[in-house]
Protein chains: 2
Amino acid sequence: MQMEGIVNNWHREPAPSSGQTSLADIAVEAGVSVSTVSRIANGDLGRASAATVAKVQRLIAERGYRPNPVGRSLRGGDSRLVAMLAPNLDNPAMAAIAASTEAALRAVGYVMILCDTHDRPDLQDEYLRAMRSRFAEGFIVVSAVASPELEASLDRREPIVFVNRRNPYGGGPFIGIDNRRAGADAADHLLACGVRAPAVIHPAELSSTIRERVEGFIDRLEERRPGLCVRRYDGPGGNHLDCGYAAAKRLTAEGGWPDGVLCPSDLMAYGLFRAAGEQGVRIPDECCPVGIDDNDLNDWIAPWLSSIKIPYRHFGDAIVTSLRDLRAGSSVGEVLLPHKLIRRRSGGETIEN
Amino acid sequence: MQMEGIVNNWHREPAPSSGQTSLADIAVEAGVSVSTVSRIANGDLGRASAATVAKVQRLIAERGYRPNPVGRSLRGGDSRLVAMLAPNLDNPAMAAIAASTEAALRAVGYVMILCDTHDRPDLQDEYLRAMRSRFAEGFIVVSAVASPELEASLDRREPIVFVNRRNPYGGGPFIGIDNRRAGADAADHLLACGVRAPAVIHPAELSSTIRERVEGFIDRLEERRPGLCVRRYDGPGGNHLDCGYAAAKRLTAEGGWPDGVLCPSDLMAYGLFRAAGEQGVRIPDECCPVGIDDNDLNDWIAPWLSSIKIPYRHFGDAIVTSLRDLRAGSSVGEVLLPHKLIRRRSGGETIEN
DNA sequence: ACAGTTTAGGCAAACGTTTGCCATGTTCAA
DNA sequence: TTGAACATGGCAAACGTTTGCCTAAACTGT
């Protein structure tokens, strides 16, 4: 036995492929066919004698056999692979979603491939194709954009879960929060702080997510303070940091600083904070921003930012549940996870709602 | 032909696998063998007549044929897959490394699988095995920990690039910065700021990276100010935020606040900042911290933190270069990328060195 | 004793590639 | 005219699985 292995390594040119023990290795050693080993390895114990089963199981354990997922994929759709498409990994919110999803998938035996689409439709398409040809069993698309291949995937009824931003073509499982209500909660918070001249900044092109947040905010303000003027400014798309900074500068150049601002993402609030710092405006005393996301770092270095916490840490579980339901054929709808306003003052102490 | 296809689809149970066009589809349609199509698709144009080549190329374009990477993997080690193993994706530094590496790999036609090892040896091992059995062509291990499977992989001479933290078993390609010099630069900065009672905080278990930074810092201080006492405190491992916070509290409880502190990672500096906020100590006026990493968010929300910028955005290119060299067989050594101190004062304006 | 059933397990196809080797047919030079 | 060289392209194995179907032999019941 030992000899055989050595000799094989010696006169074969390339390394024996993966170097892992395969069904064939076990089969040879046990003196049975590959089929038998495969069946036993998959728990079909009724098809072989007790003696054979014992022998094969012993060898499987001894040699540390593990079914090769590539062979399985090729055979038929059992790749145990799920692809997550996300715009920029740099965004801490994306990282949090990715981390929790990765853990949830691993817990059910799946491996996640994380693809950075840079928010570009062409890259989103490229990755959809690439992952399909790797037999990905499902797709998780965070902040999807409309793209031909996405539409094609939907037509083919491939399992796709949308996160954060709804399916641009409508329908399909969605994991997120109630964005309108989050906006409304932000409005309530600012009113409770005594704000009299509120404003909102946002990116020029509105995704469904941002639009809902902004509308929820404005509608609630109008409902509770009819006639109140809500100033609204946008900044260039792309990076939310730059966008928040630019929008804040436009906003304040044209009418001075508001005493309260909805920033529909924490990154935009950071942008506003920088603009304030440059102009010597004290945050949150002179202008009270409220963010949405509640980046984990806020507790550490942004004690001036009240923010609506989105439970990204729990997205993973919801996502894999939806994905499994979807693959099982049951119809899956929206999952709206609870959000919560986290109040902070500059002093540093956090007051949970 | 048509008939056959239909009949096949009719009495076969599962959907025809991936739904993508395969070599066989093209071959049937072109009336040639699979081998011929394969060769043409791979650019071996000398093995068929000009007419055949033209016909096949046309069909390949028309049907949008793309070689299936799973078939290729199975055939022999051409998976175009690289695995990155990283501890916690939450750390913004990891996210930056992952993002740049992903882009660099994509540019050369590779796909990256990102695995979160949570800094646990058992998960690191699990992922090494899983990725090997998916025929990953290389491994990028960020902040590696010692583990049996890693040692085994090294013995098998699998292509592994170490990032940020050196190979715990010694040797091998490494991408990072000159950590001793970074520590020394931090010392120079604090001295330039007129610091007289410096300190350093760090995690209780020292990785090679952190140890080098701390040693470089202390050695430089002793060299320039012989006899100067450098207070040194550690905090519990795990999360650098908590660690920095705990270490700062221990440090200040036992001897008051120092006027300058080396925090060997930005996250530890954030921990210290929180402790300072709770105790009403003004940063950086009363205590001047210097971090290492220079998180991108510093410019936005931590204008009080001078930090040594590590060019994570450029790690990707260096990593894939090393990986390719490694696979090509050339001996690859360490790559130390240039770092740079970024000076900041609370006011917000950044002064580049 | 004989048909029928169960037990134990092997065969081979299929998934999509790649590639060494073989088989024709044509062209060319001596 | 007869090899040799070249052009063109197919065959089949291999990678690692899974699974429908087949084949024996060994039982079971009457």
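FYI, side chains are in, hydrogens and waters are out, and symmetry mates aren't considered; it's all heavy atoms of this structure. Each chain gets a letter, A, B and so on, in the order its sequence line appears, and its residues count up from 1.
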Exercise. Starting from P on D:dG16, measure out to CZ on B:R134 and report it in whole angstrom.
Key: 15 Å

Quiz item: Could you state the CG-P distance from B:L74 to C:dC15, rounded to the nearest angstrom?
Solution: 14 Å

Exercise. Please work out if B:P69 contacts a base, only the sugar-phosphate, or nothing of the nucleic acid, heavy-atom cut-off 4.0 Å.
Key: nothing

Self-check item: Pairing residues for A:D125 by the side-chain hydrogen bond (donor to acceptor under 3.5 Å, both in side chains) criterion, not counting sequence neighbours
Solution: A:S147

Practice problem: Take the protein atom CZ of A:R72 and the nucleotide atom C1' of D:dT19, then report the distance between them rounded to whole Å. | Solution: 13 Å

Quiz item: How close or far is atom P of D:dG16 from atom CD1 of A:I26, stated in whole angstroms?
Solution: 12 Å

Quiz item: Rounded to the Å, how far apart are A:R80 CZ and D:dT17 C1'?
Solution: 14 Å

Exercise. Hey, could you give me each pair passing salt bridge (Lys or Arg N to Asp or Glu O under 4.0 Å) that has a residue in residues 161-173 of chain B? Not counting sequence neighbours.
Key: B:D119-B:R165, B:R166-B:E212, B:R166-B:E334

Quiz item: Listed by chain and number, what are the side chain to side chain contact (heavy atoms under 4.5 Å, CB included) partners of B:A93, not counting sequence neighbours?
Solution: B:N91, B:D293, B:Y312

Quiz item: Got a sec, which residues hit salt bridge (Lys or Arg N to Asp or Glu O under 4.0 Å) with B:E62, two or more places apart in sequence or on another chain?
Solution: B:R58

Quiz prompt | Of residues 35-52 of chain B, the positions that come close to DNA chain C - non-hydrogen atoms, cut-off under 4.0 Å | solution = B:S35, B:S38, B:R39, B:N42, B:R47

Exercise. Hey, could you give me each pair passing side chain to side chain donor-acceptor pair (under 3.5 Å) that has a residue in residues 318-329 of chain B? Not counting sequence neighbours.
Key: B:E137-B:R327

Quiz item: CZ of A:F135 versus C1' of D:dT17: gap in Å, rounded?
Solution: 12 Å

Practice problem: Return the value, rounded to whole Å, for the distance between atom CD of A:Q20 and atom C1' of D:dC15. | Solution: 14 Å

Self-check item: Under 3.5 Å side-chain donor-acceptor pair for A:S73 and B:R134
Solution: no

Practice problem: For B:L23 and C:dT19, give me the distance from atom CG to atom C1', rounded to whole Å. | Solution: 13 Å

